[in-house]
Every structure is written in structure tokens, then in C-alpha cells.
K.L.:
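My structure is below; once you've seen it, I'll send some questions.
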2 protein chains.
Amino acid sequence: MQTTASEVRQAALEEFASSGYLGATIQAIADRAGVSKASVLYHYASKETLLDAALGPAIDEIATLLPGTLARARTPEEQRVFLVEFVDLLIRHRLAAQIFITQSGTLADLPIVVRAQDMIRRIAEDRPERDIDDIVRSAVALGGAAYLLAQTPRTGALAPDESVLRDSLVRILGELLAPAVV
Amino acid sequence: MQTTASEVRQAALEEFASSGYLGATIQAIADRAGVSKASVLYHYASKETLLDAALGPAIDEIATLLPGTLARARTPEEQRVFLVEFVDLLIRHRLAAQIFITQSGTLADLPIVVRAQDMIRRIAEDRPERDIDDIVRSAVALGGAAYLLAQTPRTGALAPDESVLRDSLVRILGELLAPAVV
DNA sequence: TCAGTTCCTGACCGATCGGTCAGCTACGTT
DNA sequence: AACGTAGCTGACCGATCGGTCAGGAACTGA
């Protein structure tokens with residue numbers, strides 16, 4: 001069984017993703033979780049605390065897993081391992097990635113968003129001496145993958161099996177990043 | 001000299017892009033344009049009308065220019081023409097593209113957003129019999145390009161000359177879309 | 001049984017925001 | 001000069017939302 005706190009956190013994640021942080025109301029999150037608005041604010045002191053709780057796990061996991069695998073990606077096989085892990089992380093934390101990609105610009109003053117931006121920048125800076133094409137490739141790959149995952153739950157028409165999408169995404173990002181590996 | 005109406009429209013475009021539609025206040029748009037809040041509402045009946053005015057020109061131009069060039073793109077040279085036009089449209093309407101890509105999900109009930117989504121879907125459907133990789137390639141290219149353009153004004157660090165970015169983007173999207181042409 | 005604690009709630013408050021309105025100013029027309 | 005109209009504004013209103021608070025229910029331990 002889920003605790004109320006974790007149910008509220010999941011409801012907040014879904015609501016923030018579908019309505020945006022500003023568009024999401026605490027009442028709507030409470031309704032989705034099946035509790036009262038005051039109960040939401042009992043478990044999480046504020047709306048911003050709720051966003052922290054919703055995004056935190058994803059940021060933590062990405063920050064701890066990705067850099068290691070990326071640093072180790074020297075051979076083509078290791079690069080494929082990195083790509084698979086990257087895509088799986090993106091799929092596993094699809095909602096969090098969607099929130100971050102689509103709203104980090106407008107929420108740039110929130111500490112949790114700054115933390116996520118710092119993490120991405122640190123990972124990117126780990127790979128020096130890159131030309132403009134490499135930078136563009138990385139940005140297109142990151143933004144494109146997140147955009148695709150953000151769209152698929154809506155446009156059910158072109159939403160195939162999850163694993164098919166995953167494999168294709170690994171393939172396409174591989175084509176994109178092969179010359180430089182992110 | 002600019003009319004007040006067009007100055008307000010431009011201010012709204014910038015404010016919607018930087019703060020988001022929900023985060024943008026009519027007062028902030030008025031301040032940016034150097035007029036009063038009541039004056040904004042004199043020229044545009046509502047906040048939603050203002051969004052229509054801000055996004056409309058971009059949607060109109062893309063809808064009238066893109067399909068023709070895309071339909072004609074049979075040879076590699078014609079494909080390059082299409083890519084250049086696509087990237088230039090994206091750059092010229094960078095703010096509108098940024099608003100649409102990052103907020104079309106949370107604003108899916110607004111008529112202007114529905115219109116833009118229909119336009120993109122219609123362009124995409126013009127090219128039948130595509131496999132999963134082609135679909136993923138197109139989505140990554142579209143979302144990635146928009147994400148890159150949305151980021152660059154902020155992270156001035158990696159913002160080179162505009163034309164350098166443009167040429168690189170044409171190159172990278174060319175690599176991505178070459179097998180299928182969007 | 002009783003006290004303490006956790007979990008939860010309805011009612012309420014202050015602030016903000018979209019939108020309205022009466023009225024002011026400036027200018028063109030007759 | 002008199003009038004109409006376009007452009008613009010400050011003041012105001014109703015609604016919504018984030019957050020507070022006093023208190024009730026259920027459980028635990030002594």
C-alpha cells in the first residue's frame with residue numbers, strides 16, 4: 001500500500017506535467033490523490049516543496065547514474081550502454097523530464113530547477129573541446145528526446161509499443177551522437 | 001514608428017516566452033510596452049486574444065510556406081532548400097516556436113494552440129508510409145531544434161554568431177532527416 | 001482511562017490577477 | 001466653436017489560489 005504522502009507526490013508529478021507548475025492547483029492535486037487540499041499542505045509545506053518532492057528523485061538518480069556511465073563510454077559498445085541507460089532514465093522519469101524541459105525556462109528562479117540545470121551543465125562540461133556541431137547535436141538529442149516522450153502520451157495515434165519506441169530512440173540518438181558521444 | 005498595438009503584441013510575445021502564458025501578467029506586458037494595463041485591454045479584448053495576436057503571424061507564415069517547399073523536396077538540393085527554409089522560419093519565429101513547443105501541452109484547450117497542433121499534424125501526415133524510426137527522427141528534429149533555439153538566448157555562454165548556429169542546425173537536421181526528409 | 005501524537009479536514013484569510021467602467025485628453029470634421 | 005471619436009488611464013470588482021488555523025478522529029503507550 002502507498003502512503004498518503006507518496007500518493008500526493010505522484011499526483012503532483014502528474015498534475016505538474018499535464019497542467020504546468022503554474023496551472024496546477026493544490027486543489028486539483030488533492031482531488032487526484034483523493035485527499036483534501038489541507039492534507040496536501042500537511043504533508044508538503046508549500047507548492048514549491050511539492051515540486052521539489054516530485055522532481056527530486058529523478059534528478060538524484062540521473063545525477064548519480066549518468067556521469068559514471070558517460071565517463072566510461074570509450075568504445076562503441078560502452079557508448080551503446082550509455083545510450084540505453086540514458087533513454088531508460090528518460091522513459092522512467094518521463095514526467096519529470098517533461099516538466100523540466102518544458103518549464104525550466106519559466107521557472108528558472110526555483111532552487112530545484114537551478115539544481116537540475118546545474119546538473120545538466122556539469123555533465124555537458126565534462127566533455128571539453130567540442131565544436132559547434134557537437135553542441136547542436138547534443139542539444140537536439142536532449143531536447144528532441146524529451147519532446148518526443150512528452151508528446152507520445154497525448155498523441156496515442158502514433159504511440160506504439162513502449163519497447164519499440166525505446167529501441168528506436170536508442171537507434172536515432174545513436175546516429176545523432178555517434179561522432180561525439182554527447 | 002510602431003503603433004501601440006504592435007508594441008503591445010511584441011511585448012506580449014516576449015513576456016509569454018519568458019514567463020509562460022500563465023505566468024505572464026497583463027500588467028507585466030503593459031510595463032514592457034510602456035503603457036497601462038487598461039490600454040493593453042483596450043487594444044486586445046482579453047489575455048487569450050493577446051496570445052492569438054502573438055502566435056498568429058508565425059502560424060500563418062509557417063502554414064503557407066512550409067507545405068509547398070516540403071512537397072517539392074524530391075532531390076537532395078530541394079531537400080536542402082526545405083531545411084534552410086525550415087530553420088529560418090524557426091529562427092525568425094523563435095519566440096513563437098518556443099511558446100508553442102514548451103506550452104502547447106498545458107494550453108491544449110486554447111483554440112490558437114489547437115490550430116497550431118492541427119497544422120503540424122497535417123504537415124506530418126502529408127508523408128505517409130513511414131516507419132517508427134522516421135517518426136522518431138522527425139519528432140527529435142522538431143523538438144530538438146525548438147529546444148535549442150529556446151535555450152540559446154539564455155545560456156549566452158554557448159551562443160555563437162547567429163549564422164554559425166543557423167548553418168550548424170541546417171547541417172545537423174540534414175543528417176537527421178536525410179533518409180526520410182521529415 | 002487518559003494523555004500524547006499523527007493524520008486529516010472545513011472554514012477562513014490575504015493577495016493577485018483578469019477584466020470592467022467612467023471619464024479624461026487630443027484631434028479631425030462640420 | 002461645437003461635436004464625435006479614438007486612444008488611454010486610474011480606480012474598482014469578482015474570482016481564484018496559496019496558505020493558515022482550530023479542531024476532530026484514530027491510534028499508541030502508560
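So you know, we letter chains A, B, ... as the sequences are listed, proteins then strands, and number each from 1. Only this structure's heavy atoms are used, side chains among them; waters, hydrogens and symmetry mates stay out.
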K.L.:
Does B/Thr4 make a side-chain N or O approach to OP1 or OP2 of D/dC8 shorter than 4.0 Å?
P.N.:
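The answer is yes; a side-chain N or O of B/Thr4 sits under 4.0 Å from OP1 or OP2.
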K.L.:
Are the side chains of A/Glu175 and B/Arg137 in touch, meaning some heavy atoms are under 4.5 Å apart?
P.N.:
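Answer yes - side chains close enough.
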K.L.:
Looking only at side-chain N and O atoms, does A/Thr25 come under 4.0 Å of OP1 or OP2 in D/dT16?
P.N.:
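So the side-chain polar atoms of A/Thr25 never come under 4.0 Å of the phosphate oxygens OP1 or OP2 of D/dT16.
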K.L.:
Starting at atom CG of B/Leu51, determine the distance to atom C1' of C/dG18, rounded to an integer number of angstrom.
P.N.:
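Between C1' of C/dG18 and CG of B/Leu51: 15 Å.
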K.L.:
Nearest whole Å is fine: how far is C/dG18 C1' from B/Tyr44 OH?
P.N.:
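B/Tyr44 atom OH is separated from C/dG18 atom C1' by 17 Å.
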K.L.:
When you measure from the side-chain N and O atoms of B/Ser39 to the phosphate of D/dT9, is any distance below 4.0 Å, counting only OP1 and OP2?
P.N.:
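Yes, such a contact exists.
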K.L.:
Taking OP1 and OP2 of C/dC7, is either one under 4.0 Å from a side-chain nitrogen or oxygen of A/Tyr42?
P.N.:
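Checking A/Tyr42 against C/dC7: at least one side-chain N or O falls below 4.0 Å of OP1 or OP2.
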K.L.:
Distance check: side-chain N/O of B/His43 vs OP1/OP2 of D/dC8, anything under 4.0 Å?
P.N.:
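B/His43 to D/dC8 OP1/OP2: side-chain N or O found under 4.0 Å.
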K.L.:
Might you work through the side-chain hydrogen bond (donor to acceptor under 3.5 Å, both in side chains) test for A/Ser36 and A/Ser39, ending with a clear yes or no?
P.N.:
CA-CA 5 Å; A/Ser36 71; A/Ser39 181; 4.7 Å; no
K.L.:
Drop me the distance from B/Leu83's CG to B/Ile172's CD1, to the nearest 0.5 angstrom.
P.N.:
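Result: 11.5 Å between the selected atoms.
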K.L.:
A/Ala28 near the nucleic acid: base, sugar-phosphate alone, or nothing, with a heavy-atom cut-off under 4.0 Å?
P.N.:
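The residue A/Ala28 makes no contact with any strand.
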K.L.:
Describe the nucleic acid contact of B/Ala24 in one word from base, sugar-phosphate, nothing, applying a heavy-atom distance below 4.0 Å.
P.N.:
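Sugar-phosphate, backbone atoms only, no base.
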K.L.:
Using the test side chain to side chain donor-acceptor pair (under 3.5 Å), find all partners of B/Arg80 that sit at least two apart in sequence or belong to another chain.
P.N.:
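Counting only residues at least two positions away or on another chain, B/Arg80 forms no side chain to side chain donor-acceptor pair (under 3.5 Å).
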K.L.:
Let me know, please, whether B/Val35 or A/Tyr21 comes out on the 5' side of the other along DNA chain D by nearest nucleotide.
P.N.:
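Between the two, 5'-proximity favours B/Val35.
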K.L.:
Checking contacts here: which listed nucleotide (D/dC21, C/dG19, D/dC8) is nearest the side-chain heavy atoms of A/Ala38?
P.N.:
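So the side chain of A/Ala38 is nearest to D/dC21.
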K.L.:
Take the protein atom CG of A/Leu22 and the nucleotide atom C1' of D/dG18, then report the distance between them rounded to whole Å.
P.N.:
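Between C1' of D/dG18 and CG of A/Leu22: 12 Å.
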K.L.:
Please give, in whole Å, the distance from D/dC17 P to A/Leu50 CG?
P.N.:
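Whole-Å distance recorded here is 16 Å.
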K.L.:
Should the pair B/Asp60-B/Arg115 be classified as a salt bridge under the 4.0 Å nitrogen-to-oxygen rule?
P.N.:
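The answer is yes: the pair qualifies as a salt bridge.
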K.L.:
Classify the side chain of B/Lys37 and the base of D/dG10 as holding, or not holding, a donor-acceptor pair under 3.5 Å.
P.N.:
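No, the side chain and the base share no sub-3.5 Å donor-acceptor pair.
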K.L.:
When all nucleic acid strands are considered with a 4.0 Å heavy-atom cut-off, which category describes B/Ile26: base, sugar-phosphate, or nothing?
P.N.:
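Here B/Ile26 touches the backbone only, sparing every base.
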K.L.:
Roughly, in whole Å, what's the span from CD1 in B/Ile29 to P in C/dG18?
P.N.:
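In whole Å, C/dG18 P and B/Ile29 CD1 are 8 Å from each other.
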K.L.:
In whole Å, I'd like the distance from the NZ atom of A/Lys47 to the P atom of D/dT16.
P.N.:
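Rounded to the whole Å, the gap is 15 Å.
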